[in-house]
Amino acid sequence: MFGLVTALDLALVIVAALFVVPTTMLMVQCVVGSFPRRTTRVPSLRMDGHSDSTVRPSVDLLIPAHDEESVIATTLQSLIPQLRQGDRMLVVADNCSDKTASIARSLGADVVERFDDNHRAKGYAVAFGLQKLHDDMRDVVVMVDADCVVSEGAIDRLARMALLKNRPVQANYQMPASVGGGAWGAVSGFATTVKNQVRPLGLHRLGYGCVLYGSGMAFPSKLASRPNWASDNIVEDMKVSYDFMVAGYPPHYCPEAIVRAGLPDARADAIEQRKRWEHGHLHTIATQTPRLLGRAVTLVRPSLIVAALDLMIPPLALLVQCWVVATIAMIAVTALTSASAVPLALMVLAGINLAIGVLTAWFVHGREQLTARQLCAVPVYLLSKFPLYVSAIFRRQRTWRRTNRGAGDGACA
């Protein structure tokens, strides 16, 4: 009996540790990312490396687009005033069946069209665009999705920072809750804020790199084509992030460069979008965490351990769901057996970490988009996500599918 109980205790401690580690990481990121914000001045530079406030690196703007006729004009109009002499703006109209290409041309963008029914994913469009730029690349390549609005001065900041740091740079990619999404949409928007803004800001302040989010990304030209973009990975930006980290170029977060996109209005579209993101996220956890930990050991690079711990944080709704189920199960096991109370205490600690992290992020970053009354919708939101996670086990989404955009707060037309 003693051996059986010991084995049970060990198993329960391992289960508890699987919650303590990611919730601790989440809490640290959210608390550090919620400190009073200080604006970071981006150093100016000349091509000879000396300071010059009038010169910034030349830029290739690369905009992959698939059937974006309703939003691409707004995106290009936010970018055109930020172009300088010598810059270039290239739109890749990828498998488009609408007027995306003609609208982009009418606004002065260079446009290339790509048609390939066997390779339909954003990664292929990016690779195609980089190939077209290859023979005459500017100093920095900035990638922006065709449904985004880029804040004034963002391109300047991203370009300067990419060349200064000699590594990829990720903008502050904001996806405010859709005005038509109600309480469910507000909860979804807040969860996105935690993932896209609060957590990378926390890592940035701790001195570590962040993952790339697919839009508002800047690369020194010599690095832009380094990863294998041409794939059907539905979260190619995450995979590329870890490729860069392993290669010694962890992406740098630039909170002052703001890029906005709207979440879908309709719940069905929002769920479909979430399905792609979160199925891809879970697959990336399974495939990239062992790789990062293994390379951290072989390369003796602790920063890769931090990247792995960050990656181990699952989607927020899934983390809460799993913690609730595991805690209830552990209470039952502890009450019905002679198991130690230590694992249950660790689960309580994990819950405290989770609550501190989420509530701190909400109080500092989320109160305007998610009211106290709308917090009551959290249980409904969690329950609505359950089929999404079940399908990740039995019918994981493997291909990219476009979802209808929402108006957000005016970020997208």
Side-chain angles (χ1 to χ4, degrees), residues 21-40 148 151 154 157 169-178 181 185-217 235 237-238 241 250-263 274 277-278 281 284-285 306-320 323 350-372 374-375 378 381-382 385 408-409 411:
V21 171
T23 57
T24 300
M25 187 67 174
L26 175 68
M27 179 193 68
V28 170
Q29 291 176 352
C30 289
V31 171
V32 175
S34 298
F35 288 161
R37 183 171 174 178
R38 293 180 299 176
T39 301
T40 303
C148 296
S151 66
R157 284 183 172 274
V169 177
Q170 172 61 54
N172 180 347
Y173 188 26
Q174 300 180 0
M175 302 187 77
S178 167
V187 176
S188 179
F190 170 66
T192 303
T193 295
V194 173
K195 181 177 182 292
N196 285 19
Q197 296 173 243
V198 184
R199 287 175 53 194
L201 184 58
L203 285 172
H204 171 69
R205 289 174 170 174
L206 291 170
Y208 294 100
C210 67
V211 298
L212 298 168
Y213 291 111
S215 187
M217 307 180 296
V235 285
D237 44 332
M238 290 188 72
S241 302
H252 178 85
Y253 185 59
C254 184
E256 289 79 22
I258 298 173
V259 176
R260 292 189 178 91
L263 290 171
R274 282 283 179 184
W277 289 346
E278 297 186 17
H281 186 175
T284 303
I285 290 175
V306 175
L309 294 176
D310 174 63
L311 176 58
M312 287 173 62
I313 301 173
L316 196 54
L318 178 61
L319 180 58
V320 174
W323 178 84
I352 293 172
N353 290 342
L354 186 57
I356 291 174
V358 172
L359 290 176
T360 300
W362 173 76
F363 185 81
V364 176
H365 298 274
R367 284 181 295 168
E368 292 185 0
Q369 62 176 304
L370 179 64
T371 65
Q374 288 173 327
L375 281 172
V378 169
Y381 178 80
L382 294 176
K385 299 292 285 296
D409 63 349

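- With hydrogens and angles disregarded, a donor-acceptor distance shorter than 3.5 Å links the side chain of T371 to the backbone of Q374.
- Between V194 and Q29, every side-chain heavy-atom pair lies at or beyond the 4.5 Å cut-off.
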Applying side chain to side chain contact (heavy atoms under 4.5 Å, CB included) to M175 and N196, what does each step give before you reach the verdict? CA-CA 8 Å; M175 302 187 77; N196 285 19; 4.1 Å; yes

Evaluate the side chain to side chain contact (heavy atoms under 4.5 Å, CB included) criterion for residues L354 and L316: first the C-alpha distance (whole Å), next the side-chain angles of each, then the deciding distance (0.1 Å), finally the verdict. CA-CA 9 Å; L354 186 57; L316 196 54; 4.2 Å; yes

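- Looking at heavy atoms from C-beta onward, V358 lies out of side-chain contact with M27 at the 4.5 angstrom threshold.
- For the pair R199 and L26, the minimum side-chain heavy-atom distance is below 4.5 Å.
- Each of V187, L359, L370 was evaluated against L375; a single residue qualifies, L370, per the side chain to side chain contact (heavy atoms under 4.5 Å, CB included) test.
- The shortest distance between side-chain heavy atoms of P22 and L309 does not fall below 4.5 Å.
- Taking the side chain as every heavy atom from C-beta outward, V211 and D310 approach each other to under 4.5 Å.
- Looking at T192, its side chain does come within 3.5 Å of a backbone N or O of S188 through a donor-acceptor pair.
- For T193 and Q174, the side-chain atoms include no donor-acceptor pair closer than 3.5 Å.
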So N353 and V28, side chain to side chain contact (heavy atoms under 4.5 Å, CB included) or not? Walk me through it. CA-CA 9 Å; N353 290 342; V28 170; over 6 Å; no

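- Annotation: side chain of N172 is not in contact with side chain of V259 (no heavy-atom distance under 4.5 Å).
- Counting heavy atoms from C-beta outward, Y213 and S241 have side chains that stay 4.5 Å or more apart.
- Atom CG of residue L201 and atom NE2 of residue H365 lie 6.0 Å apart, to the nearest 0.5 angstrom.
- Rounded to the nearest 0.5 Å, atoms CD (Q197) and OG (S34) are 11.0 Å apart.
- A 4.5 Å side-chain heavy-atom check between H281 and M238 finds at least one atom pair inside the cut-off.
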Chi angles and distances behind the side chain to side chain contact (heavy atoms under 4.5 Å, CB included) call for C254, Q170: CA-CA 6 Å; C254 184; Q170 172 61 54; over 6 Å; no

